[in-house]
J.: 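Dropping a structure here in structure tokens format, bear with me for questions.
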Amino acid sequence: MAVAQPAGSTQAQLRRAGVEAANAPFVLLLHPGDTVPRSTAMRLHDRAVESTAQLVGFAVQVTTDRRAGEKLIAEPGPLRGSEILRSLVPRDTTAELDISRHLFQTDLLRRAYSASGVDSGPLFDDRAIVLLAYASATSYAAVSTVEYLRRPPHREVSADQGRLERALHRIAAFRAVEPIIREQARHSADPEPLLDGYTAGHLTAIGEALELLAALPPEMRAQGHDELRACVDDLDLISAAVTFAPDAIPALIAHRERLELGSAPVRSVLLTTNVLTTGGVSGVLLTQARFLIGSGYRVTIVTHRPGSAESLVPEGATLVQLTGTSRRQRVTQWAHLCRRFDVDLVIDHRILYSRDWPSFALAARAAGAATVGWIHNFAGRPTYNGNDLQTLLQTHLPALAHLVVLSPLDVAFWKLRGIRHVSYLPNPPSPFLLTTGGARDPKPAPLGRRLELVWWGRLEEHTKKVTQLVEVAAALERLGVDFRLRIVGPDWADMSADSLLALASTRGVADRVEATGPRHGSDLLDVIDSSDVFVNTSIIEGYPLTLPEAQSRGLPIAMYDLPWLSLIRDNSGVITTPQQKPEALAEALADLAADPERYETMSRASIAAAADATSFDFAQLYEQLLRGELPPEHSPEPTLEDGRRVLDLLVFFAERSTPPPRPASARSAAPRAAALGPRSQPRTFGERIERKLTPIGHRVIDAAPWLRPAANRVKRALLRR
């Protein structure tokens, strides 16, 4: 039977016309260029009749001219009622609403066309029709054989406005059937699969549009984003991106104006972290919560993982845990929480520890809330970890209203990368420091008795380098110092108390080192107050709360140098030695123990430094931050010396991270370079920096290519010196 249609009709229009004209009880629709094996129609018809199914699934073989490719397997079935949608269009997966994937009962498909109310115009798309057919079907069966041979679709070399228009019309088709879906769901005993199927189909269509936008020429991209936002809710746009088009998130950020602090009053603040514990990040968040509550703000604390210690939540704050099982669900829940608690500002403490924070910042913005990112570690942490989080941050930081970092050197790091909306703020004192601080007398020098050393924290090797504590103990033993070292804290993923004790035995200091496990409250206080010096061996830290806590009890600190820490700058209660050199740290401890007058002077200085750490008017600082009125000194411009120090530190961390494999060309070049003989010594300061950056510095650039422009600017300036 021939069905005449106007010239230029689309494939979807032709398929609809064919279904409307069909006399057979079942229809099988093919895309141009696809084929079916002989007797397919009969086999599928027989399966439909014997199973009384309205839908029959089958396997699809993707073929080329020369060979078979991917094989698409049908859902085995049989399925009834809502099981059909739940299985054929699973939640949070790409909706495969291909009209050629099933044999349809003809009346089922006609009713779907009729119910949709979608005009069969030139951009008509039948995916929404397939969803309605799935939703109305009462029975599904399948055959296990390949009954459809599909040629890979021809991909256009470049995107154009016409393809984007078709994608937008596809989205409009889904929106047109939304009232029908919701009405059916309202009368359904099991509405969830229906609503989930609609969401998956709708978001899949939006995701395809986002991918098309990425391929548009730059001059067309901004207009395309405006057209997409005109027909799609912001939260749906974000949900589609995080589920189906994560590479589109930077574009979503770039095509929205950044919310500025101070543009609207702040009354309700949401603080977020992964989980509330007794650790450093949680300590900062909880103290912030207390200051904000005291200043009259409404405070909500949202955690991303289970296991929070609810007893830590200050009075007046509300604790909520995200419960969604997919990123889309969690992002949607995030936006709803922002609306539910009338959140004006989010302070996200996960910026350096997660990759999903940009989608949450976008969701908050969709709900009208700005986001401040709070970084708790030196900016070189990703370099030390050997990951690409700095690149992710660089790309996505425009989603934030402001970035708060640890120190002036961190401000320099980000400003050298072109991020201007950045400031540093001192971290607030920990609850431990607030509750146990206060005026104290200096500690007496350890005269005529054993030197008592202490360290507390989590037994983590990667950054805290707790095995170095044992190496310091071994060096003290070789120096003939009478001492005891107590290591206090819980086991961690890469270290345990038993491992430390075994190492102490190997180093011959088993009788000098005690790994006590965790201590809390008065038990921890007793250990601290019966100690003389706090020893810190971290290779990289953000704001180690143990430092001001130790100083508040009058303990001098001996530590490896962490030059970005504002806390130790001009702090006479701290001795620093070169990183990862336990002999130097042991010698510093031995010298301190042998000089009672210096010890008592340092104890007084520690008490004064701890008082300084609590002397900031944090309520005023937070008020200024929330109003966008922080004084300029919190966002200094980078200097040449800042650039040199940043490069030096990144080189240092790159040396200690896992190096990337050297390419064969580099390995083969090494003997040739050696054959050329020794190079002359660098003569200028700039040349010395350049020599230092080769080859180790090149590893930094390879791992963090975004740093190359900043490195070149600094090097050019140095070479003029």
Side-chain angles (χ1 to χ4, degrees), residues 11-12 29 31 34 55 57-62 69-77 79 82-102 104 112 125-135 137 140 142 148 150-156 159 163-164 166-175 177-178 181 192-215 228 231-233 235-249 251-252 324-332 356 359 362:
Q11 295 175 24
L29 298 111
H31 291 294
D34 296 348
L55 286 169
F58 44 81
V60 175
Q61 182 71 64
V62 181
E70 182 184 9
K71 185 177 180 180
L72 308 176
I73 306 299
E75 183 68 29
L79 302 171
S82 60
E83 293 178 352
I84 298 173
L85 262 177
R86 185 179 280 112
S87 298
L88 299 185
V89 194
R91 173 193 294 176
D92 294 330
T93 60
T94 301
E96 298 286 351
L97 297 170
D98 188 340
I99 203 166
S100 296
R101 284 299 306 274
H102 297 93
F104 288 87
D125 186 87
D126 46 25
R127 297 190 209 186
I129 306 304
V130 175
L131 178 66
L132 285 175
Y134 288 173
Y140 165 94
Y148 194 99
R150 173 182 297 170
R151 294 176 60 86
H154 172 68
R155 295 188 178 275
E156 297 175 55
R163 292 183 68 198
L164 179 60
R166 289 193 291 275
L168 295 177
H169 201 83
R170 186 178 306 136
I171 295 169
F174 273 101
R175 295 184 71 89
V177 301
E178 181 179 7
I181 294 292
E192 186 176 294
L194 185 58
L195 297 174
D196 287 344
Y198 171 78
T199 299
H202 184 215
L203 296 185
T204 296
I206 298 172
E208 291 171 351
L210 287 170
E211 291 179 342
L212 284 173
L213 282 174
L228 182 58
C231 65
V232 175
D233 176 82
L235 188 54
D236 284 343
L237 200 60
I238 298 161
S239 297
V242 301
T243 309
F244 303 116
D247 291 343
I249 290 177
L252 293 183
T325 57
S326 70
R327 184 172 296 183
R328 179 195 68 79
Q329 293 172 9
R330 297 164 74 83
V331 165
T332 301
D356 63 359
S359 54
L362 285 172

J.: Under the ring-ring contact (aromatic ring centres under 6.0 Å, His included) test, which residues partner Phe58, sequence neighbours left out?
T.: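 Partners of Phe58 under the ring-ring contact (aromatic ring centres under 6.0 Å, His included) test: none.
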J.: Can you name the closest pair of heavy atoms from Ala74 and Gly57 and give their distance?
T.: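 Ala74 and Gly57 have their closest heavy atoms at CB-C, 3.7 Å.
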J.: Kindly write out the residues that satisfy side chain to side chain contact (heavy atoms under 4.5 Å, CB included) with Thr93, not counting sequence neighbours, or none if the list is empty.
T.: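 In terms of side chain to side chain contact (heavy atoms under 4.5 Å, CB included), with neighbours along the sequence ignored, Thr93 is linked to Pro90.
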J.: If you apply the rule side chain to side chain contact (heavy atoms under 4.5 Å, CB included), what do you find for Asp196 with Val89, and how did you get there?
T.: CA-CA 8 Å; Asp196 287 344; Val89 194; over 6 Å; no
J.: If we ignore hydrogens and angles and just use 3.5 Å, is the side chain of Ser326 paired with the main-chain N or O of Asp92 as donor and acceptor?
T.: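 Answer holds: no.
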J.: To the nearest 0.5 Å, how far apart are CZ in Arg150 and NE2 in His31?
T.: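 Nearest 0.5 Å value for the CZ-NE2 distance: 6.0 Å.
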J.: Using a strict cut-off of less than 4.0 Å between a Lys/Arg side-chain nitrogen and an Asp/Glu carboxylate oxygen, indicate whether Glu96 and Arg101 qualify as a salt bridge.
T.: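 So Glu96 does not pair with Arg101 through a salt bridge.
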J.: Does the side chain of Asp34 reach to within under 4.5 Å of the side chain of Arg151, using non-hydrogen atoms?
T.: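 Asp34 reaches Arg151 side chain to side chain.
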J.: Below 4.5 Å, heavy atoms only, C-beta onward: do His202 and Glu178 meet side chain to side chain?
T.: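 No, their side chains stay 4.5 Å or more apart.
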J.: Can you confirm whether Leu131 sits close enough to Leu85 that some side-chain heavy atom of one is under 4.5 Å from a side-chain heavy atom of the other?
T.: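 Yes, at least one pair of side-chain atoms sits under 4.5 Å.
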J.: What distance separates Glu83 CD from Glu75 CD, expressed to the nearest 0.5 Å?
T.: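 Output value for this atom pair is 10.0 Å.
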J.: Does some side-chain heavy atom of Leu228 sit less than 4.5 Å from a side-chain heavy atom of Leu164?
T.: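 Leu164 vs Leu228: side chains apart.
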J.: CD1 of Ile238 to CG of Leu203: how many Å apart, nearest 0.5 Å?
T.: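 Going from CD1 on Ile238 over to CG on Leu203, the span is 11.5 Å.
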J.: Can you see which heavy atom on Ala142 is nearest to which on Pro76, and at what distance?
T.: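 Distance-wise, the nearest heavy atoms are CB-O, 3.5 Å.
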J.: Quick one: are Leu210 and Phe244 in side-chain contact, heavy atoms under 4.5 Å?
T.: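 No - every pair of side-chain heavy atoms lies 4.5 Å or more apart.
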J.: Do Thr204 and Thr243 come within less than 4.5 Å of each other through their side chains, counting heavy atoms only?
T.: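 Result no, sub-4.5 Å side-chain heavy-atom pair not found.
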J.: Is a side-chain N or O of Gln61 found less than 3.5 angstrom from the main chain of Leu72, in a donor-acceptor match?
T.: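 It does not hold such a pair.
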J.: Find out whether Asp236 and Arg175 are in side-chain contact, i.e. whether some heavy atom of one side chain is under 4.5 Å from a heavy atom of the other.
T.: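 Yes, side chains in contact.
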J.: Among Val130, Leu88, Asp126, which one satisfies side chain to side chain contact (heavy atoms under 4.5 Å, CB included) with Leu97?
T.: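 When side chain to side chain contact (heavy atoms under 4.5 Å, CB included) is applied between Leu97 and each of Val130, Leu88, Asp126, only Val130 qualifies.
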J.: Between Val242, Leu213, Leu237, which is the residue that forms a side chain to side chain contact (heavy atoms under 4.5 Å, CB included) with Leu252?
T.: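 Answer after filtering Val242, Leu213, Leu237: Leu237.
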J.: Could you pull out the closest heavy-atom pair between Ile84 and Ala137, with the gap in Å?
T.: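 So the two residues come closest at CD1-O, 3.6 Å.
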J.: Please report the shortest heavy-atom distance between Ser82 and Pro193, naming the atom on each side.
T.: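 Closest pair (atom of Ser82, atom of Pro193, distance): O-CB, 3.7 Å.
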J.: Output all residues satisfying ring-ring contact (aromatic ring centres under 6.0 Å, His included) with His102, sequence neighbours left out; order by chain, then residue number.
T.: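 Result, ring-ring contact (aromatic ring centres under 6.0 Å, His included) vs His102: Tyr134, Tyr140.
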J.: Within the distance-only criterion (no hydrogens, no angle test), does the side chain of Arg330 pair as donor or acceptor with the backbone N or O of Gly324 below 3.5 angstrom?
T.: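 Yes, Arg330 side chain to Gly324 backbone: donor-acceptor pair under 3.5 Å.
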J.: What pair of heavy atoms forms the shortest contact from Ala245 to Gly207, and how long is it?
T.: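 Closest approach of Ala245 to Gly207, heavy atoms only: CB-O, 4.0 Å.
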J.: To the closest 0.5 Å, what do you measure between OG1 (Thr325) and CZ (Arg91)?
T.: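 Between Thr325 OG1 and Arg91 CZ, I get 6.0 Å after rounding to 0.5 Å.
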J.: Is any side-chain heavy atom of Ile99 closer than 4.5 Å to one of Ile129?
T.: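 A side-chain contact under 4.5 Å is absent here.
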